[in-house]
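Since we're looking at a predicted model, the values are computed, not measured.
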Amino acid sequence: MTATRSSATRRSDIAMGWHIAMPACAAVLPLGVALGVLVVKSGLAWWWAPIFAAIVFAGSMEFLLVGLFAAAAPLTQIALSTLLVNFRHVFYALSFPLHRVRGAGWKAYSTFALTDEAYALTTGPAAQRFSRTRIIAIQGFFHACWVACVTLGAALGSLIPPWVRGLEFAVTALFVVLAMEGHRVQRSLRIPILALGCALVALLISREHMLPIAMGLFVGSLTLAYWGRRRVA
């Protein structure tokens with residue numbers, strides 16, 4: 001009876017993981033197709049598309065990586081570009097429920113698959129109580145969907161006319177919706193205003209390195225606010 005209940009709970013968590021991940025999967029469909037098209041249009045073999053999607057699995061970095069590969073950029077440039085573009089992922093572990101993922105292998109995969117979308121889908125208060133199965137299901141379904149979308153784009157690359165525009169806006173629209181959902185959960189304007197202020201300051205400091213600077217300022221401000229509240233308490 002216990003084994004049957006455990007199996008039913010696992011199936012329920014997997015189904016819930018798909019339910020949570022499905023909107024993000026639908027949102028990145030045009031973005032994944034666009035990446036697949038870019039791979040083919042850059043002169044690379046089509047099979048590079050699923051390789052980038054499955055192994056790199058870093059969204060915006062994959063777009064940059066295609067250009068770097070096509071230009072035969074040195075490994076040092078690729079490494080530095082990867083550090084700057086994905087520097088924000090360092091801060092995701094602060095609130096991602098990785099402590100709920102038990103087992104070295106599962107934890108390693110969850111760390112690898114910690115994309116922007118997976119982070120946004122698992123930062124609410126309820127996510128801190130998600131089971132390992134549900135968290136891995138969310139990340140696994142999104143990973144599989146991304147690989148499928150990019151592969152589809154590579155297969156259809158020669159059929160999509162060059163005048164089609166707007167695919168690159170898909171990821172922006174996705175994060176606008178995720179930010180709106182985050183606001184609905186937190187019901188606080190202070191955090192969005194603080195994030196906007198950090199972004200504007202970072203933009204004034206350096207347009208090229210705006211993202212890591214903004215993330216550093218944002219996390220630093222949150223840390224100071226946290227310690228300030230603790231001292232007052």
Side-chain angles (χ1 to χ4, degrees), residues 1-29 54 57-59 86-148 171 173-195 198 214-216 218-233:
M1 182 65 69
T2 302
T4 303
R5 187 182 298 112
S6 177
S7 178
T9 301
R10 190 177 298 110
R11 288 195 299 270
S12 175
D13 279 335
I14 292 174
M16 184 57 67
W18 166 246
H19 177 75
I20 295 173
M22 184 172 57
C25 291
V28 298
L29 172 60
F57 194 39
N86 288 340
F87 186 74
R88 65 192 185 279
H89 288 214
V90 174
F91 305 106
Y92 286 175
L94 296 176
S95 53
F96 181 76
L98 191 61
H99 63 283
R100 300 289 295 174
V101 182
R102 296 180 176 85
W106 291 117
K107 194 178 292 289
Y109 175 76
S110 186
T111 302
F112 161 74
L114 182 52
T115 60
D116 298 326
E117 293 78 9
Y119 174 75
L121 293 171
T122 53
T123 53
Q128 300 299 319
R129 298 186 296 273
F130 282 177
S131 67
R132 178 187 69 184
T133 301
R134 186 176 300 187
I135 295 172
I136 293 297
I138 293 171
Q139 294 181 284
F141 279 127
F142 185 77
H143 192 183
C145 178
W146 177 250
V147 174
V171 68
L174 169 63
F175 283 115
V176 169
V177 174
L178 291 175
M180 292 170 61
E181 291 299 315
H183 173 67
R184 289 178 59 185
V185 172
Q186 299 293 337
R187 293 295 182 183
S188 173
L189 285 177
R190 290 179 296 176
I191 299 300
I193 291 175
L194 175 62
C198 291
M215 288 296 295
F218 184 62
V219 173
S221 300
L222 292 179
T223 302
L224 290 175
Y226 170 76
W227 285 110
R229 286 197 299 269
R230 286 199 60 178
R231 292 189 64 179
V232 171

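- The shortest distance between side-chain heavy atoms of L194 and R190 does not fall below 4.5 Å.
- Contact of the W106 side chain with the I135 side chain is not registered, since no non-hydrogen atoms from C-beta on lie closer than 4.5 Å.
- When all heavy atoms of L114 and Q139 are compared, the closest pair comes out as N-NE2, 3.5 Å.
- Contact check for W146 versus C25: no side-chain heavy atoms found under the 4.5 Å cut-off.
- Residues L121 and A21 share a closest heavy-atom pair of CD1-CA, 4.1 Å.
- Summarising the geometry of Y109 relative to H143, their closest heavy-atom pair is OH-ND1, 3.0 Å, with the distance given to 0.1 Å.
- Within the 4.5 Å cutoff, the side chain of M16 has no heavy atoms near those of the F130 side chain.
- In terms of heavy atoms, D13 sits closest to A137 at O-CB, 4.3 Å.
- Partners of T122 by side chain to side chain donor-acceptor pair (under 3.5 Å), not counting sequence neighbours: none found.
- In this structure, the side chains of I191 and L222 come closer than 4.5 Å at one or more pairs of heavy atoms.
- Closest heavy-atom contact between I20 and R134: CD1-CD, 4.2 Å.
- Remark: I193 engages L189 in a side chain to side chain contact (heavy atoms under 4.5 Å, CB included) (not counting sequence neighbours).
- Taking F141 as the reference, W18 meet the ring pair (Phe, Tyr, Trp, His ring centres under 6.0 Å) condition, with sequence neighbours excluded.
- The closest donor-acceptor contact from the side chain of R132 to the backbone of R100 lies at 3.5 Å or more, if one exists at all.
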Going through the distances and angles, do H99 and Q128 end up as a side-chain contact (heavy atoms from CB on, under 4.5 Å)? CA-CA 9 Å; H99 63 283; Q128 300 299 319; 3.2 Å; yes
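- A pairwise comparison of heavy atoms in K107 and V101 identifies NZ-O, 2.8 Å as the closest pair.
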